[in-house]
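Presented below is the structure to which this report refers.
Atoms considered below: every heavy atom in the structure, side chains included; atoms not considered: hydrogens, waters and symmetry mates. If you're wondering where the values come from, they're calculated on a predicted model, not measured in any experiment.
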Amino acid sequence: MPRSNRPRSRRRGDDDGEPLDLDRLSFGLRRTEVKRSGTWNVQPVSAASAQKVYLCPGCRLDVPVGQAHIVAWRADGLMGEQADLADRRHWHAHCWRMEP
């Protein structure tokens, strides 16, 4: 009888051939926050996922590679969801909490 090379069962989290990213899951999921300036989508970024340097709009200092931080974009913008997503900004977590 010929041998089958297909896996007999699928492992959870292995749908696309990549292992489950536990660091991403443990850091948090996207949420919506309401501040005086409007409604915002907020996505935490883990230190392992922080691969570029960004300028924090709160303090105008760099968010360095390897530092956990927040990505935020408007949830109630006038120009539509695509424009809001294109205008997302990377914040230090402390600066985001201090933002009114």
Side-chain angles (χ1 to χ4, degrees):
M1 177 175 2
R3 190 175 120 197
S4 172
N5 289 328
R6 293 186 314 208
R8 299 208 184 273
S9 65
R10 293 184 87 134
R11 292 180 299 189
R12 184 179 291 188
D14 200 19
D15 294 341
D16 57 356
E18 294 182 19
L20 186 61
D21 186 356
L22 295 177
D23 188 39
R24 181 177 175 205
L25 287 175
S26 66
F27 193 74
L29 300 174
R30 181 173 52 177
R31 63 187 183 274
T32 303
E33 292 185 15
V34 177
K35 294 183 170 271
R36 284 185 282 183
S37 58
T39 305
W40 295 83
N41 291 311
V42 179
Q43 174 73 50
V45 177
S46 68
S49 297
Q51 300 295 316
K52 290 174 58 179
V53 175
Y54 296 97
L55 183 65
C56 175
C59 65
R60 308 293 296 164
L61 296 175
D62 285 342
V63 178
V65 171
Q67 183 178 29
H69 61 279
I70 300 291
V71 178
W73 64 96
R74 293 297 295 245
D76 58 356
L78 298 174
M79 301 305 288
E81 187 176 335
Q82 290 294 71
D84 293 338
L85 192 57
D87 288 337
R88 65 188 180 269
R89 296 292 176 255
H90 295 251
W91 295 72
H92 294 107
H94 174 75
C95 294
W96 177 253
R97 284 190 301 271
M98 301 299 291
E99 183 67 19

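Residues satisfying the side chain to side chain donor-acceptor pair (under 3.5 Å) test with Asp76, not counting sequence neighbours, are Arg74. Taking His92 as the reference, nothing meets the side chain to side chain donor-acceptor pair (under 3.5 Å) condition, with sequence neighbours excluded.
Counting side-chain heavy-atom gaps under 4.5 Å among Ile, Leu, Val, Met, Phe, Trp and Tyr, Met79 is found in no cluster with other residues. Residue Met98 shares its hydrophobic cluster (ILVMFWY side chains chained together at separations under 4.5 Å) with no other residue.
Atom CH2 of Trp73 and atom CG of Asn41 lie 5.0 Å apart (nearest 0.5 Å). Separating the OG atom in Ser46 from the NE2 atom in His69 is a distance of 9.0 Å, to the nearest 0.5 Å. Between the OG atom in Ser49 and the CD atom in Gln43 there is a gap of 9.5 Å [rounded to 0.5 Å].
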Under 3.5 Å, sequence neighbours excluded: what are the donor-acceptor pairs made by side chains of residues 52-65?
none

Indicate every side-chain donor-acceptor pair of residues 33-40 with a distance under 3.5 Å to a residue at least two apart or in another chain.
residue : atom : partner : partner atom : Å
Glu33   : OE1  : Trp96   : NE1          : 2.9
Glu33   : OE2  : Arg31   : NE           : 2.9
Glu33   : OE2  : Arg31   : NH2          : 3.0
Lys35   : NZ   : Trp96   : O            : 3.0
Lys35   : NZ   : Glu99   : O            : 2.9
Ser37   : OG   : Trp40   : NE1          : 3.2

